[in-house]
Amino acid sequence: MNLLFVCTVNRMRSCTAETIYSTNPAYKVKSAGITPTAPNQVTPELLKWADKVFVMENLHRAFITEKFPDIDLGAKLIILDIPDFFYYMEPELIDLLKEKVDPHLAH
């Protein structure tokens, strides 16, 4: 399963999620950001590659659907509702990600 995690600048939340879930061989994981300064920016190719697209906030969903209106993400777009006040690999962020992401990965 291909997982894409999206936040604003692709340095804290989405990178932490990528680090956590990339250790599981069942998943191929990438992360991206929506700002021009993000090291990995969201692209149509990434969105099409992903089986599930996890965005941290509603503003990320809005950005993606506005910038890429031709890509139908349907049910594969999931809003995690994780605010932007965590550091990379912060234990509370790791717990929150697992709590919110894991139910969407159950088979």
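Computed over heavy atoms, backbone and side chain alike; hydrogens, waters and symmetry mates excluded.
Counting heavy atoms from C-beta outward, Leu3 and Val53 have side chains that stay 4.5 Å or more apart. Under the 4.5 Å side-chain criterion, counting only non-hydrogen atoms from C-beta, Leu93 is in contact with Arg13. Considering only heavy atoms from C-beta on, Ile94 comes within 4.5 Å of Met89 through its side chain. When side chains are defined from C-beta on, Lys52 counts as touching Met1, because their heavy atoms get closer than 4.5 Å. Side-chain atoms of Leu80 and Val55, non-hydrogen and from C-beta on, never get closer than 4.5 Å to each other.
Considering CD of Glu57 and CG of Asp84, their distance stands at 6.0 Å, rounded to 0.5 Å.
Aromatic ring orientation, Phe54 versus His104: perpendicular (interplanar angle above 60°, classes split at 30° and 60°). Ring pair Tyr21/Tyr27 is perpendicular by interplanar angle, where above 60° counts as perpendicular and below 30° as parallel.
No single ILVMFWY cluster, assembled from side-chain heavy atoms under 4.5 Å apart, contains both Val9 and Ile82. Follow the hydrophobic side-chain contacts under 4.5 Å out from Leu47 and you reach Leu59 in the same cluster. Cluster membership for Ile78 and Ile64, using ILVMFWY side-chain heavy atoms within less than 4.5 angstrom, is not shared.
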Taking only distance into account, with no hydrogens and no angle test, what donor-acceptor pairs under 3.5 Å do side-chain atoms of residues 30-42 form with protein atoms, sequence neighbours excluded?
unit_1: Ser31; atom_1: OG; unit_2: Asn10; atom_2: ND2; d: 2.9
unit_1: Ser31; atom_1: OG; unit_2: Glu18; atom_2: OE1; d: 2.6
unit_1: Thr35; atom_1: OG1; unit_2: Thr8; atom_2: O; d: 3.3
unit_1: Thr35; atom_1: OG1; unit_2: Thr37; atom_2: OG1; d: 3.2
unit_1: Thr35; atom_1: OG1; unit_2: Ala38; atom_2: N; d: 3.4
unit_1: Asn40; atom_1: ND2; unit_2: Asn10; atom_2: OD1; d: 3.2
unit_1: Gln41; atom_1: NE2; unit_2: Pro36; atom_2: O; d: 2.6

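Side-chain atoms of Ser14 never come within 3.5 Å of backbone atoms of Val6 as a donor-acceptor pair (strictly under, hydrogens ignored). Between the side chain of Lys76 and the main chain of Ala50, a donor-acceptor pair closer than 3.5 Å is present. The closest donor-acceptor contact from the side chain of Asn2 to the backbone of Asp51 lies at 3.5 Å or more, if one exists at all.
Judged as a salt bridge (charged side-chain N to carboxylate O under 4.0 Å, His left out), not a single pair has a partner in residues 89-103 (not counting sequence neighbours).
In this structure, a donor-acceptor pair under 3.5 Å is absent between the side chains of Thr16 and Tyr87.
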